[in-house]
Number of protein chains: 2
Amino acid sequence: MSLVQTFAALADPTRLALVSQLAGGPANVSELSEAHSLSQPAISKHLKVLEKAGLIETTVQGQTRPRKLVANNLQQVDLWLNAFRSLWDARLDRLGDFLDDGEDLQ
Amino acid sequence: MSLVQTFAALADPTRLALVSQLAGGPANVSELSEAHSLSQPAISKHLKVLEKAGLIETTVQGQTRPRKLVANNLQQVDLWLNAFRSLWDARLDRLGDFLDDGEDLQ
DNA sequence: TGGTTATATTTCCGATAGGATATATATCTC
DNA sequence: GAGATATATATCCTATCGGAAATATAACCA
């Protein structure tokens with residue numbers, strides 16, 4: 001839920017890779033275990049961390065429990081970055097104007 | 001330098017607060033120590049982590065060593081988020097069009 | 001019901017993190 | 001050169017992390 005918790009969840013190479021993979025669609029534990037060459041308990045533990053951080057959700061499909069990505073907390077990171085984005089994006093002002101114009105802009 | 005290292009550096013409440021403060025301009029160790037109610041060695045250790053992660057730089061001004069924010073690795077996070085931004089930003093397509101038009105767009 | 005597959009939980013381990021205190025180093029001032 | 005101030009480094013402590021292996025639970029299938 002907190003930014004710190006989100007960053008902590010992403011601060012591990014395995015979990016970062018899991019998130020990237022899940023961006024391509026849901027996957028279950030055995031698939032993830034194979035893809036990342038880690039034991040099933042290790043993957044389950046990582047998934048628990050990601051879920052507690054609100055980055056993924058568990059769905060139930062019979063015997064399997066596919067995990068899927070949840071956008072919200074990544075978006076929170078994006079919003080947090082707003083405070084710094086002017087440091088590198090010189091076009092920010094005009095970008096702001098653009099977004100302010102909203103859906104009406106053609 | 002790596003994304004994981006960046007996230008790890010941000011995955012601590014004190015360091016996250018340090019980064020936020022430094023977004024408002026450089027500050028030296030004693031100022032940061034006071035502002036965050038931590039011992040000077042603790043702050044120095046945090047600053048070392050942030051510097052190794054490339055998030056801050058040390059400048060030398062006589063006796064003091066003010067730290068200042070470095071944008072690049074935060075921008076890398078921003079770029080990494082691009083892979084996920086479509087999950088929450090419905091206006092992404094039109095935003096892409098806008099950016100493609102570049103500096104010529106009024 | 002019994003076996004098989006998918007996943008969770010428990011236990012144990014070595015490594016690392018974050019803090020405080022104590023001490024070293026460097027720079028300024030007199 | 002002798003304080004005094006700013007910061008770095010070393011040491012120690014406790015807590016947590018990431019992994020493997022063993023075991024438990026749950027769902028499917030015959």
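Per chain, numbering begins at 1; letters A, B, ... match sequence-line order. Values reported hereafter were calculated over all heavy atoms of this structure, with side chains retained and with hydrogens, waters and symmetry mates removed. Computed from a predicted model, the values in this text were never measured in an experiment.
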Residues that Ala11(A) engages under side chain to side chain contact (heavy atoms under 4.5 Å, CB included), provided they are two or more places apart: Phe7(B), Ala8(B), Ala11(B)

Length of the CD-P vector between Glu51(A) and dA8(C), whole Å: 9 Å

Considering only heavy atoms, which members of residues 24-36 of chain B lie under 4.0 Å from some atom of DNA chain D? Asn28(B), Val29(B), Ser30(B)

Is a side-chain donor or acceptor of Asn73(B) paired with a backbone partner of Gln76(B) at a separation under 3.5 angstrom? no

Going by side-chain hydrogen bond (donor to acceptor under 3.5 Å, both in side chains), name the residues that satisfy it together with Ser44(A), two or more places apart in sequence or in a different chain. Gln40(A)

Pairs touching residues 62-84 of chain A that satisfy salt bridge (Lys or Arg N to Asp or Glu O under 4.0 Å), sequence neighbours left out: Asp78(A)-Arg85(A), Asp78(A)-Arg85(B)

For Ser20(A), give me all partners under side-chain hydrogen bond (donor to acceptor under 3.5 Å, both in side chains), at least two apart in sequence or on another chain. none

Could you give the CZ-to-P distance, from Phe7(B) to dC17(D), as a whole number of Å? 18 Å

For Gln63(A) and dT25(D), give me the distance from atom CD to atom P, rounded to whole Å. 17 Å

By salt bridge (charged side-chain N to carboxylate O under 4.0 Å, His left out), which residues pair with Asp12(B), not counting sequence neighbours? none

Within this structure, what is the CD1-to-P distance between Ile43(A) and dC17(D), rounded to whole angstrom? 17 Å

Can you name the residues that form a side chain to side chain contact (heavy atoms under 4.5 Å, CB included) with Ala71(A), not counting sequence neighbours? Leu87(B), Trp88(B)

Provide, to the nearest angstrom, the distance between the CD1 atom belonging to Ile56(A) and the C1' atom belonging to dT7(C). 13 Å

For Glu51(A), side-chain hydrogen bond (donor to acceptor under 3.5 Å, both in side chains) partners two or more places apart: Thr58(A)

B/S/- along nucleotides 12-25 of chain C (protein heavy atoms under 4.0 Å) is ------BBSBB---

Using whole Å, what does the distance between atom C1' of nucleotide dT7(C) and atom NZ of Lys48(A) come to? 11 Å

